[in-house]
Amino acid sequence: MTRQPDLTPSAKDATFERLLLDSARDDALPSAGPAFQRFSAALAAVATAGTVNPELAVRAVRRLAMKWSAIGAVAGSAATALWFGYAAAPRANAPQASAAAAKVAVLATSPPLAMGPSRTPEDSAPRASTAPGASLPLQTRKPRAATHTSGISDDAGRASAAGASAASSSLLAEVALLDAVRAKLALHDGAGALQLLAGYQRKFPRGQLASDAAALSIEAFAAEGNRAEVQRRAASFLERTPNDPHAERVRGLAEQP
Amino acid sequence: MTSDGARSAATPVRNVRALFEAHYGAVWRLLRRFGVPAAQLDDAAQEVFWVASRRLADIEPQREHAFLYGVALRVASNILRRQKAVPPMSDAEALLEIADAQPSPEQALEQRRARALLDVVLARLPLELRTVFVLFELEGMPVRDIAELEDIPLGTASSRLRRAREEFSEISKRLRATLAHRGEVAQ
């Protein structure tokens, strides 16, 4: 226990108050990556289910989120881990693949976000300024076990959830197919990847992961050494969607000699 | 390869991705500071971004942060209004319902306990005062911006902040007295 120096009661109150405020200085900033993965898959599922009522949609997002572990088990094939190698050299191994499978669910809907904490400009606390050497003058108490409840309402939005569930199956099928494409690319099998992508186009002409597929097709032509097709498709891709998250990767492929 | 329909469906997600990347952590932290229970934090943050995804066209460039904070404020308010009222300050035992489940070095434990005590105090501020207090004291937001965010006059925001500070001081003073009575801090 840290003892306070002799202070007047009001000074002790002020110090205590300041220490409480200071304790929020290091509040954690969770990373956006997993949250966005959850969001994007749920959003795609809800959109496909045709839910237009925002309240119902939010409930559907919540309900879908509750199914993530099951979805992850389906979608998280070992090939899913190859997604991590999309912008870099493949580095999947068995433990990573299994961890990714359990955690990332429909990760392949998007390239991975930076996993570090978000930065915020509003990070100062006007009155929160720890005095040098100050610490909370509290004795540590015997820890209590924290109770945890889900806090998620599960009694509404069933119709939306049913639609979302069906939509998630469709999304998972897309994910699985593009996972297979990435697996081919990881093996430098451009022709095999293009064959699978042709199948994707037939099966999902309005696919939710169409831009992912388009970017992968450029990568496949690059693997085949078909520079003309890479240039043509890259120019078309960048003209249509210059701000797409894949744009930088596509630009890089187009600029390769 | 990309159909127009698929592109239009995918575009909002791409933009929301940028919002997530830049603001998710801050929004999540703000919800926590407002007092959203830990078990509901992730859902609440998802709800904020869900609303944002539906209103991307309404978000002015460079105003994403303020927009998301405004939505977070409303989401948190909805959640907190559904909660049971916190025990009054006179309930000394209830004040000390602090979860410290994991053993840790003393300093870290003190830090965690101080953070938990801060939540105890914040939870006893009326919501409208807590909002202003958290935004100013913990988020460092200027009063002018708080007034804009809450859509209240600047004078009202200043007045709320003054009252919030007074209440915060009063509650933390009583909390310290309770802890001193239990021999956990110096008298």
For this session: Verify side chain to side chain contact (heavy atoms under 4.5 Å, CB included) between A/D27 and B/W28, making sure each step is shown before the conclusion.
Result: CA-CA 10 Å; A/D27 281 351; B/W28 189 96; over 6 Å; no
[X] [atom1] to [Y] [atom2] distance, which is reported to the nearest 0.5 Å:
| X | Y | atom1 | atom2 | answer |
| --- | --- | --- | --- | --- |
| B/L138 | A/R25 | CG | CZ | 10.5 Å |
| B/R165 | A/E17 | CZ | CD | 9.5 Å |
| B/K173 | A/K12 | NZ | NZ | 13.5 Å |
| A/D22 | B/R115 | CG | CZ | 11.5 Å |
| B/E137 | A/L20 | CD | CG | 12.0 Å |

Exercise. Considering residues, nucleotides and ligands other than A/E248, do more than 12 of their heavy atoms fall under 6.0 Å from its CD?
Worked result: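 Incorrect, the count does not exceed 12.
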Exercise. By a 4.5 Å heavy-atom criterion (distance strictly below it), what part of B/V27 contacts chain A: side chain, backbone, both, or neither?
Worked result: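 Contact with chain A is absent: no heavy atom of B/V27 under 4.5 Å.
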For this session: Dump the intermediate steps for side chain to side chain contact (heavy atoms under 4.5 Å, CB included) on A/F39 and B/S53, then the final yes or no.
Result: CA-CA 10 Å; A/F39 178 90; B/S53 75; 3.7 Å; yes
Exercise. Distance-only, no hydrogens or angles: does the B/Q46 side chain make a donor-acceptor pair with backbone N or O of A/A35 under 3.5 Å?
Worked result: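 Side chain of B/Q46 to backbone of A/A35, a donor-acceptor pair under 3.5 Å: yes, one is there.
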Exercise. Under 3.5 Å, is there a donor-acceptor pair between the side chain of B/R29 and the main chain of A/P30?
Worked result: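 Answer holds: no.
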For this session: Tell me, with the steps shown, if A/L21 and B/F168 meet side chain to side chain contact (heavy atoms under 4.5 Å, CB included).
Result: CA-CA 10 Å; A/L21 287 171; B/F168 184 87; 3.9 Å; yes
Restricting to non-hydrogen atoms, name the atom on [X] and the atom on [Y] that form the minimum distance, rounded to 0.1 Å.
| X | Y | value |
| --- | --- | --- |
| B/S172 | A/F16 | O-CE2, 3.4 Å |
| B/A114 | A/L19 | CB-O, 4.5 Å |
| A/A24 | B/L118 | CB-CD2, 3.6 Å |

Exercise. Is it true that A/D26 and B/R112 have a side-chain N and a carboxylate O under 4.0 angstrom from each other?
Worked result: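 Here A/D26 does not pair with B/R112 in a salt bridge, since their nearest N and O are not under 4.0 Å apart.
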For this session: Measure the acute angle between the ring planes of B/F20 and A/F36, then classify it against the limits of 30° and 60° as parallel, tilted or perpendicular.
Result: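 Geometry flag for A/F36 against B/F20: perpendicular rings.
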Exercise. With respect to chain B, which residue among A/S10, A/S23, A/A14 yields the maximal number of heavy-atom pairs within a distance under 4.5 Å?
Worked result: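 Heavy-atom pairs under 4.5 Å are most numerous for A/S23.
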Exercise. Partners of B/F34 by ring pair (Phe, Tyr, Trp, His ring centres under 6.0 Å), sequence neighbours excluded?
Worked result: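 With neighbours one apart ignored, the set is empty.
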